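This is a predicted model, so every value here is computed, not measured. Chain letters run A, B, ... following the sequence lines, proteins first, then strands; residues in each count from 1.
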Amino acid sequence: MKLSRQLFLLSLLTLALPWAGCQYLQEMESSLRQGQAKALQATAKAVAARLSSDPELRQKIQLRQSQGPSLYAHLLSRPIILDGYLDDWNGVGFDWQHFASGDFKARLKIGLTRKIPDNFANRSLAKISQDQLYLFIQVEDNSIRYHHPGLAGLLNGDHLRLTLGKASYAIGTSSPGQVQAFYLAPGNGRRQREHRISGAWRETAKGYQIELGLPLSLSFNLNQHSLGLSIIDSDPHGQELNWLGNQHWSESPASLMLQDPNLDRAIAVFAMDGIQLSLANQQGWQIARGQSSGNPNHQPQPSPVAKWLYQQLSGDPGLPSINKHRDGRISGDEVALAQAGIISTQWYQNGSSLQARSAVPIRGAQHLLGVVLAQQGGDIHISLLNSAFSRLLLYSIVASLVAGLGLLAYASWLSWRIRKLSQAADQALDDNGLITNLPASRAKDEIGDLSRSYNQLLERLQGYTDYLQTLASKLSHELRTPLAVVKGSLDNLQQEALSPEAKVYADRAQEGSHRLSAILNAMSAANRVEAAIRSAEPEHFPLDQLVQHVGAAYQATFKQANIKLSCQAQGNYYGAPELLVQLLDKLLENALDFCPADGEIELALRANEQYFILSLSNDGQLLPAHMQHQLFDSMVSVRQAASSDNGHLGLGLHIVRLIAEYHHGKVKAENRPDHSGVIFSLLLPKHP
Amino acid sequence: MPRHIAIVEDEITIAANYQDALQRQGYQVSHYLDRPSAMHGFNQQLPDLAIIDVGLGDEIEGGFELCRDLRAMAPSLPIIFLTARDTELDMISGLRLGADDYLTKDISQAHMLARIVALFRRVQAMQEPLQNQAENCIERGQLLINLDRMHASWQQQDLELTITELWIVYALAKHPGHVKNRQQLMDAANVVLDDNTITSHIKRIRKKFNRIAPEFNAISTAYGMGYRWQEKQ
């Protein structure tokens, strides 16, 4: 894998940034939640303290404790038209209260409208002169009996009994339509028409439904509201057959629970910033409610995506969902705990958002009076986290991008440098084994170090190569003095009277020293050629003529060899002819050594646009592939050791190279394409 | 009175070998190990011929210095450099300092002696007036070589050839038009050299001719074979 790709993959690690950010956001969210819960609790505590410290309010709460099977009147936002139809009640947002006894079933909704004072501020609202209580009762009854005026009894058909405070009322009708309400005087059974209670009776498929309206003040008794409702099913004789309701009319009525406007006002001042306050009595009925007047979601509504992300972030699937049941009671673990006197806070999952509820008990003089419940949505967090999250996302993407691009650029730069270095290292040794110096980098990093050590390595290699190249001449120089001693001594020995046996040995020693001397001469030849090259003076001369002369000379000198001459080019060349002849001598020497007895040697001169090509090819042994480049180095020989009777040191072709380089030419050794022999070519540039 | 030859050589065995060989020929030989002792000896008595090594003990080029001093003391004293240093540069500097010949140490004693004889002959001929016209001379155009005097001239001007060069010129001029290959030239010059050294000798010889006559081209190269003396047509 390329370095740049590796670093690119590495840069993907920066994607851990958003993850870390998410972790941070989660922590932030949980601390926000904690903070919110604390604040909520503090608010609830403040409310509870306020309520329990004010004796008047305490009294009011005390009065709101319920007795018996209480009913709850929900606050309605607008008055109900008493027409016996359910339309008005649809969407009031609270539940039916069910009663059943066998097939005889009923369900009930109780609503309440507060009086709206007729003043300028309320000019647009419908005028309601007093607090009004509404009841809607649906009864399943397979035999509807209406009041029969002809029969005896107060109301001899199916009818309602209401116990309001101490008074008892009977409500019935003789036909669907308007109902009639009667006040029943206690004890004597006298009845009296009550016009403040009005309503309508409608028949339904399964039974009938009654809509009732009455002033709230009717239920007021001894500072408390009370309501007993019983639906009476009559038999054909007008006798009570069965009843449904919270309490039979013969008993004293149970409490009617409703929101106390005074308490509402008392806690409304605490309701702000989307905090919803509720006050429940010890039995759990909601007796006051406070809501901040403004829109609690004054921040822009978070988008569904943000909500989803928030949910993923704060993802606590263990949260219970909020109790949607609305029957006037406030329920929940925290409320139960508060009713037992323990302050607690609970988080709820409310659809896609969270909701915190904090419950605090209200302490009276001797016992607990009720519970303050503060409730606040987590939407604040959503928008807060949303903006934090989107910023985090933006920043981390930008950071990832910058880091990725930076790493990519850095990797490209790095690999460019490494590539450059490796190219330089590749080219440092050319085909001829010549070392060109590597430019030493000045960078202070590891690649710079590497380049410098390459440079140093090549310098040392160069030094070593130089040493090897001059070794031969140094060696010959050093050996010359002891050889002179040997030769001088042998010469002297020749003059002494030696026995014939000794003379043989002396002659052999003499011969050996001659050979040694020849070898030493050959060894320093390269050096002398270099000296000759330095002092060579180039001149213009006809190259074809030189080749022809040399060829003729070779043919004459080496009669035993089959030397062919082919001169296909003409022209003057600017160079040192003696050196070129020497070069050809060396090549010929080489060719003669390798050419078999019946082989052919060809000396040829050709030309192309750039070069004169002087080539000498011979039949015979092919060059080993791996040696083709080194052949022209000093002291490299492909000759078999056995064949070296004349002391070949591998300097001949080195001299060839030196001369070729002097002429800015190139020398190549190749096998013939048909593998019948080898061909040495010298390329001499026409215009050096 | 035997001729006196001084050998200045730091290698005792080599010096002893030459001393023996020369003494066998009837020369009187003195051997000096280094430059100061040699100068001391030369100051007392000049030898008839000096054989000097270039490197003398610690002095790498002591021989060159000695040659310069000796040449100053005796302008016509034959001086031969005998050294292991065979580079062109050393050879040229040695000859420029006025040496009569420059030999490498692997030269055989016979060749060495031939040279010494030739040099003495040259010295003697210089000292003696021209006595007899039947001296061993050859004349090729403007070239005149007197082998007895070891002397060559071109257009009546002295060529100042070393013994080796003189023998090479002689070998070429003796048979004009004949190509002499390198081996033949080496044999004639009593040296064992490689091809390059012959080439550089020829080059130096041409330069010496050119100094007198820039248009000189009598010595021509026969590529691949050798050299020949070309009479002017």
Side-chain angles (χ1 to χ4, degrees), chain A residues 473 476-496 510 513-514 516-518 520-522 524-537 541 545-557 577-582 584-586 588 655, chain B residues 7 9-25 53 55 82-92 103-113 179 181-183 186 191-200 202-204 206-207 220-227:
Chain A
S473 68
S476 87
H477 180 250
E478 288 304 316
L479 288 177
R480 195 147 276 172
T481 304
L483 181 65
V485 175
V486 172
K487 280 183 104 176
S489 304
L490 284 171
D491 282 345
N492 277 335
L493 198 62
Q494 296 280 340
Q495 306 300 319
E496 299 296 321
Q510 189 76 270
S513 76
H514 279 314
L516 199 57
S517 154
L520 288 186
N521 268 335
S524 54
N527 232 17
R528 268 197 296 276
V529 169
E530 280 174 38
I533 285 172
R534 274 198 293 276
S535 61
E537 286 157 11
F541 67 95
Q545 217 171 314
L546 178 134
V547 172
Q548 261 157 2
H549 280 187
V550 171
Y554 288 163
Q555 282 166 343
T557 317
E578 277 154 13
L579 290 176
L580 284 179
V581 169
Q582 210 172 340
L584 286 175
D585 285 352
K586 293 291 176 196
L588 184 74
I655 290 171
Chain B
I7 298 177
E9 166 68 68
D10 54 351
E11 197 75 37
I12 294 171
T13 39
I14 292 179
N17 272 334
Y18 281 117
Q19 199 166 1
D20 290 351
L22 292 171
Q23 277 170 350
R24 205 178 291 121
Q25 299 297 321
D53 191 0
L82 184 70
T83 175
R85 292 160 65 154
D86 59 350
T87 65
E88 188 95 0
L89 187 71
D90 286 327
M91 203 178 275
I92 291 170
L103 303 171
T104 50
K105 273 182 181 173
D106 54 353
I107 191 166
S108 73
Q109 283 183 0
H111 288 156
M112 180 79 185
L113 289 171
V179 173
N181 65 25
R182 292 183 167 85
Q183 190 57 50
M186 277 192 252
V191 278
V192 181
L193 298 171
D194 63 293
D195 297 357
N196 281 305
T197 319
I198 289 289
T199 310
S200 55
I202 295 283
K203 215 188 265 179
R204 263 200 304 279
R206 278 176 178 154
K207 270 187 192 154
S220 74
T221 311
Y223 293 121
M225 289 181 281
Y227 302 92

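At a threshold of 4.5 Å between non-hydrogen side-chain atoms, the residues Lys487(A) and Asn17(B) do not count as touching. For the pair Leu483(A) and Lys105(B), the minimum side-chain heavy-atom distance is 4.5 Å or more.
The two residues Ala553(A) and Tyr223(B) have their closest heavy-atom pair at CB-O, 3.7 Å.
Chain B forms more heavy-atom pairs under 4.5 Å with one residue of Ala552(A), Ser489(A), Ser513(A), Pro482(A) than with any other, namely Ser489(A). For the set Val547(A), Leu584(A), Thr481(A), the entry with the most heavy-atom pairs within less than 4.5 Å of chain B is Thr481(A).
Residue Val581(A) touches chain B through its side chain alone, counting heavy-atom pairs closer than 4.5 Å. Contact annotation for Glu11(B): only side-chain heavy atoms (C-beta onward) come within less than 4.5 Å of a heavy atom of chain A. Heavy-atom distances place both the backbone and the side chain of Ser108(B) under 4.5 Å from chain A.
One distance of note links CZ of Arg480(A) with CZ of Arg85(B); it measures 13.0 Å at 0.5 Å rounding. Note that CD of Gln582(A) is 6.0 Å distant from OG1 of Thr199(B), once rounded to the nearest 0.5 Å.
Side-chain N or O atoms of Asp491(A) include none that pairs as donor or acceptor with a backbone N or O of Ala110(B) at under 3.5 Å.
Note on Glu578(A) versus Arg206(B): salt bridge recorded, some NZ/NE/NH1/NH2 to OD/OE distance being below 4.0 Å.
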